[in-house]
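Some notes on the structure that comes next.
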Amino acid sequence: MNETDNTITTTRSGRDLSDAPDIIVCKGVSKWYGDFQALEKISATIKEQEVVVVLGPSGSGKSTWIRCINRLEHHQEGDIIVDGVELTNDMRNIEKIRSEVGMVFQQFNLFPHLSVRDNVTLAPIWVRKKPKAEAIEQANELLELVGIPEQADKFPGQLSGGQQQRVAIARALAMEPRIMLFDEPTSALDPEMIKEVLDVMKDLARSGMTMMVVTHEMGFAKEVADRIIFMEEGQIVEVGTPEHFFTNPTEDRTKLFLSQIL
Amino acid sequence: MSKLFKLLALFLSIGLVASACGSDSADDVTSTTAAPTTEAAETTTTAVELSQGGSLLDVVIERGSVNCGVGATAVAFSVIQPDGTSAGFDADYCRVIAAAVLGDATAVTFIPLTSSERFTAVQTGQVDLLMRTTTWTQSRDTDLGMDFGPTTYFDGQQLMARISDGFSGSSDIADLEGTIICVNAGTTTEKNITEATLLQGVNITLQTFEGSDEVYDSFISGACDVTTTDGSALVGRMAKHEKIGEWVIFPATPISKEPLGPVYPQNDSVWGDVINWSVYATVIADEYGINSSNVDDFLAEPGEIGRLLGTDEGELQTVMGLPADAFYQVIKQVGNYSDIYNSNLNPVGLFREGSANAPAADGGLIYAPPMR
Amino acid sequence: MTEIQSSAGVPVIAAPPQEPHLPPKEWLKKNLFSNVGNTLITIMTSVVILSLANGLLGFAFGSERQWNAVAVNSRLYMSFAYPEAQYNRIWFSFATLLVLAGLSMAIWRGGTRMPFARLAKSAYSFGVGLAIMVWLAPLSTSGTVKWEIAAGGLLLAGFIFNRIAAQDEERSLSSLTLLVGTLASIIATLWFIPYGRHSFIGDRIPQVVSEPGTVAFSTKLPWTIMLFVLVGAYYLGIVLRDRLPERRTRSVLMGFWLISPIFLIYLVLRDPAFTMNHVLYTDIPLVLGFLVVGSLILYALTKPSLGEIGRIIAMLILLAGFGSFLTPMRMIIRIFLIALGLFSLAAPTFSGDKSTRRRYSSIWSGFIVIAGWLITAVNTPSTVEVPGDLFFGGATLTLIVAFFTVILSYPLGVLLALARTSNMPIFRLLATTFIEFVRGVPLITILIFFSVMLPLFLPEGMRLPEVTSVTIGYALFSAAYVAENIRGGLQSVTRGQHEAAEAVGMSTSQKTVFIILPQALRMSIPPMVGHTIGTLKETSLLYIIGLFDLLYVGRSVIPNQTAFIGSTRENLLFVSVLYWVISYSMSKASQRIEKRVGLGER
Amino acid sequence: MTAPVEQPPSTRLAVAQRVPLWRDVVVLKWFTQVSLLAVVLAALWLFVGQAGNNLRAKDITIGFDFIDRPVDIQLSEGIDTLPNSGGRALWVGMVNTLRVASVGIVFSTILGIFVALSRLSNNWMLRKVGAMWVESLRNVPLLVQIIFYSSILATLPRTSFLDPTAAAGPLNQNQGPIHNWLHISNKGVSLPRVFIADGFYQWAIVILLGAIAAHFVRKKRLKQHDDTGRETSPILWAAGTLAIFGFVGLFIHPVFSFVGPIMGGIASLIDSLTIPMTQAVISIVAVLLALRWIRKFRTDRRSGSGHLNLSDDDWFRMIFAGLASALVIVVIYKWTGLSSWLLNSGQDLFRLAETKFNVDGAARPFDAMRPDVLKPGNFANYGKNGLTMTRGFAAVFFGVTFYHSAHIGEIVRGGILSVPKGQVEAASAVGLNRAQSLRRVILPQAFRISLPPLGNQYLSLTKNTSLAIAVGYSDIVQVGQTIYNQTGKALPVMSVWMLFYLACSLTISVVVNFFNMRLKLVER
């Protein structure tokens, strides 16, 4: 199971992604932290427009994996190819991948010294080299999209957690990425704010964005995911559609996990 | 953000400019410094002009002022006045040179120097002339870059103590047993006293201080039993604090010889002659009793007086490259040796009579070669 | 040394909760006499304080004290040997700084409202304190009476304030009004009381004579004008405040604060004698050339799609800059080449659309104009004739050395801190070695090294004035401490900030400039203020080197003047008080500002 | 879009080869570093070369020969006021620095804690005095303060045998504020002195044994406490054990005189070593240490499954370790004098120990003397019997103590205030009374918070003693300055200064870090 290429043909939403091009390809990716092996020969392929939810107990390597995909962490063995670009020490490739892959963090990580609008426009101006006026216009649109256009001049410290996370999504989207990575985007939020963030993510998924989401939100996984990857101890244990995964898991470890969590 | 960048750029620019400490090539004019001083510029100018083979005399005349190195804290010799200019015996001799060369006793730029800086200042040409209670020694004279002029003040290291402690004018080194002696750090004074006591096997405690003020403070308060430095300074202090009769200076024969005089750059005999003979002029004037108030009465006198005041066409002076009335101006504007001595040193209790600085005729050492 | 660490190390101490207002009797009971032990402590400390005050006042006002030594020499203390004929330059410089101060006060909305109740309280306590002091001081009878009347006046003022407060709790006074009022009354006394009645006369033979109030009378008019300048600038600032965009105005003002001391020192106070020929045919063409060529190069290099070629070109320019040291060349060209190399190296970080690129080029132009002008001004001899080697001395030297130390050490410290926290081991190694070495040795050894040894390390024919050598020593020393403060700030920026910046695709330099440094610098403001005050105090070590700073003037120059031999203790006391006033008011002001902008809370 | 999967699976190595050098981040990273290093080294090279030229031109030699040449220096105080060599003079200066620094550290801490407590007291008067102390002392430069104290101390009354104004007549043994015990004048303060005598080293071995015994006693009492729950006061017991050993040691310490011959044996052993042997031993030790470190490092980096993963930084560290050992070898072979110095000083040390242990059985470990006043010539001076604090020492001591007590007071106060209120509440909730909660809960936490800044204060206090130069106290800087004024060896003297202060700083930070680590461990 671990070594196979986990490709699927159809999704729950009925979209046929079998013809879609591969956008992320991982082959035998391994990573160690000193003695501890965080990732063990991960192999997976993600298609364009696909929404993949990565589940697993904490410490199973989910976050490490998606952080390897935009090279916040360096994998030590195996290959990661994102949108046709191999992740190596080549400066140009790293720059390219970083601007193609957006990322949303558990702790939001907004820049506290910049206003919300500056948070969103900073990267487009200096990394994408957009003219300032254009970047501001785009920022306004994006803030509209995530539902907080009126907060543009405030500073992150003045916003609620849910609002901050939505700004973080807008900030990632401002780079016009082809892939969005979500690293437990709702874990640090109060329950009443989770929904507003999930709604934004659902909209995003519907718009056709390729997404990889590490989360504990089973409802979101059921509703939106095209595919669910279950990880444990640095390995991919099981891959499948939400129906398959929640109703009829094959692996014992998956069953145990589901019984604990549901 | 752009503000931050601008600030960084500004810092960078200031840092770069400040670190641009001058040039090492001849085509650039001067050196630049973070700190505002003009000395570097002047130094380079002097060096450049000198290398073209002229005398310092021409440089000084062209510049219009004499750069004179003096002390800052030598009571009665050179101290800084509230307006920043220097006053005192040494400072007056700077004025003598200015009066002789430029005809204007005020055309002096006083440069206060510490004792460690003073020789470098002469060697590098930062000063044209050093008048800073500098002892004439063989090693200094033969050293690179310096020559000594005629001695203006004969001094010697002595000790000062309290009469109430049992000292008298006839005390000597052997009586110092058990005393605490305060002295300036890093001077020949310190070396002399150490040497003298070691030689005689006398046990003392030597306390060294950076500045002479601390030395005297300690002595006055009694924290030190004895203090030692040049006799002139001791007399000055004793008078200043009105302690004559309470303190005593000994031994009668100083433990060292300290002839003090002008110092100027080596291998520039034109400039050296100017300084030497300006000094001698004050001595000769003193011998004839010509001073600033009566100099005009002597203008008609023949002979050496005439040669001194330049009334006979001033042949001797013009040969040296000075104006004919150079020494007249010296005497008129500053005075003769006695004038300078008395006005500066009498107030601190130093008198010529009976000292080594009395005229040769009265048994002293102040003597000038004939002017002819 | 000194208190560099204290403000970094000490957590911000919360103000004690406001005590409810107690009637005097209960207040005394609660705070002074709550039990036997407390009462004993109160009595003992009172006795100690009173005897200390008695001793100090007896010392300060004893009949043998020569306070004239301070009064007559106030010129030496402040501007040392700066020629009196050129004093207008000093007044102009001072006025410029006051204009900036007034504008800043208005634009940053300085000052607080002081309720009359509080004013009354302080007037009362000052009055009582003064009365006790006067009673303890060994003054003449008439002096005692005069001062007791002054104390009575203060008490009366307190009473009036109290009445006003009683009528209306809310009535308050702006602290700025209070400040201006105090200054005005001090300046007013100049017109009526002849301070420093004595002065030196005589060119050759110094002599102290009684003159009609030289110090006060010669400065009363300028001081009055200064006061009006300050107030005028404040009102101008209020007018401007509402018409100009706030953020931009503030940053422009900050820039003025930074640049004006250099402008004043090199252009106003030094009054360089520019030779038109040199300026017209060498300096201006050079600057213009670098301006045009540099701008074009930078405009080209900031093109986003340029790629690695840009870096290679930048390296080549830098190489040319360093290589130019091998051939004789004007220093200014070398500096400009290296600066251009550094700017080009930074170009990819700031590349962008056309307007961004134009802005980058114009920043270069601004830099080159300022730098060219400064280098020319510094290199030009001064026209102001100073009797002495040092252009500045006394308080001015102290302040100028402190200013240049700060200006030089802050950017250096930032670079060192970045190197020490970078992921490049050799950078880390070099920075750590430097910082730990410098922090491990006393400042005085570094200063002695720079004053004695630095000349030996310079190429032949190049000579640095001692002040410059020592200032470099100060700056390097201070940079190590600045680096540690900044490092604290850098470490307080969370890992998440780094990751977020990387995730949006920023390069390391962009991340540092846009995300990390702004946060880190803000975090390190409180310790840096402490460090700046420490630097000012450390300038007193110039005394040991033998430069004419405030302490040297007070300790060595004045006590040697024929008229004031032995006036050491008066002068030392004066110098201590001066230092105390400056650094105490600086630290108080910075605390207030920190509190206002909410710094120091993390 | 081409599907990358169609390409043959590429290995990392193959990909790495395809990255052009100028785009490889690792290459760029190291290129930047090495080029900066080159610039720094080139600048240093230039400067040093220039300095060499200048020194030659000015005929100044550098070298440490002044260390064992005789010098004409008289020091105002110290263990040897007439040192016979430059090295000895510097040594006296070092001892003087350490003296004033250590005393200053102790007293500024005590005073600082008092200041902090008074600023937190509920007595208004005391609070104000504390605040005044802090605000007035830390806002005036230390140098100004030191000079000021010196000039104030100079106004103390003078001692003199012949001073007719002295009310009590000529000074003698029975003078001073406390007859025979304390003398105060502007020449200094003299107190009784307790000092270690010949028997001390033997006694120290007894104490060492006592400490070991005390350790076990404490462990045992602790275990008893854990087992029974009774209050067994382990610290008291341990201290008691130590005290008993110390007391008994006063009488039995001569039994340890056999240690002397052992030390002598070691000294002879060192004597028989040759220089090449020492060089070889040191080189081998250096290489072994480097190898061991590298091996340990590699094991650390090896994963459980035996996979070794080294980043470029790791390689740098290993190369650096190797370079360091190579440097040691070069230095040790280049400078033969170093080896012989090591041998000689090692031998001297053990010979010294031998003489220290070979003492008369009747020697006491400690001795004490009252201050005496001598009359050499006509003067009243404090003799060597008492503990004499000269004016210079006092000025520096008061300066650093007062100045740093203000800073330390603020640090301690900050530490106490930063203990959260909840801690006090929690302490009282579990039934601790006020004193208990202060001792067991607040002070330990406050101490932990204030320890690092306290360490910095100690560091800067030590360095600030160098301002002694302004008041004529013979510390290392003042002595060094005198030496280079006489011999012209400025550079060597300065390097001695810097090494000395670096060693002091290192020692203090090691000690502070040790306590810091311990406190952190306790916290866990």
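Predicted model, so just to flag it, every value in this text is computed and none were measured. Values reported hereafter were calculated over all heavy atoms of this structure, with side chains retained and with hydrogens, waters and symmetry mates removed. Chain A is the first sequence line, chain B the second, and so forth, proteins listed ahead of strands; every chain is numbered from 1.
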Look at [X] together with [Y] and state whether they make a salt bridge at an N to O cut-off of under 4.0 Å.
| X | Y | answer |
| --- | --- | --- |
| C:Glu502 | A:Arg71 | no |
| A:Asp153 | A:Arg117 | yes |
| A:Glu176 | A:Lys130 | yes |
| C:Asp353 | A:Lys129 | no |

Problem set entry | ring pair (Phe, Tyr, Trp, His ring centres under 6.0 Å) evaluation trace for C:Phe367 with C:Phe343 | CA-CA 10 Å; C:Phe367 164 81; C:Phe343 264 82; 5.3 Å; yes
Problem set entry | Greater than 12 external heavy atoms within 6.0 Å of A:Glu137's CD | no
For this session: Kindly check if the number of other-residue, nucleotide or ligand heavy atoms within 6.0 Å of NZ (C:Lys354) is above 12?
Result: no
Sort [X] into side chain, backbone, both or neither according to what part of it lies under 4.5 angstrom from a heavy atom of chain C.
| X | result |
| --- | --- |
| A:Arg67 | side chain |
| A:Lys96 | neither |
| A:Val101 | backbone |
| A:Phe111 | both |

Exercise. Chain A: which of C:Ala501, C:Ala503, C:Ser507 shares the most heavy-atom pairs with it under 4.5 Å?
Worked result: C:Ala503
For this session: Quick one: which of A:Asn70, A:Ile125, A:Leu110, A:Leu181 has the most heavy-atom pairs under 4.5 Å with chain C, could you say?
Result: A:Leu110
For this session: Under 4.5 Å, counting heavy-atom pairs only, tell me which of A:Pro131, A:Ala172, A:Ala123 racks up the most with chain C.
Result: A:Pro131
Exercise. Which region of C:Gln510, side chain (C-beta onward) or backbone (N, CA, C, O), has a non-hydrogen atom less than 4.5 Å from a non-hydrogen atom of chain A, or is it both or neither?
Worked result: side chain
Exercise. Checking heavy atoms, do the side chain of C:Ser355, its backbone, both or neither come under 4.5 Å from chain A?
Worked result: neither
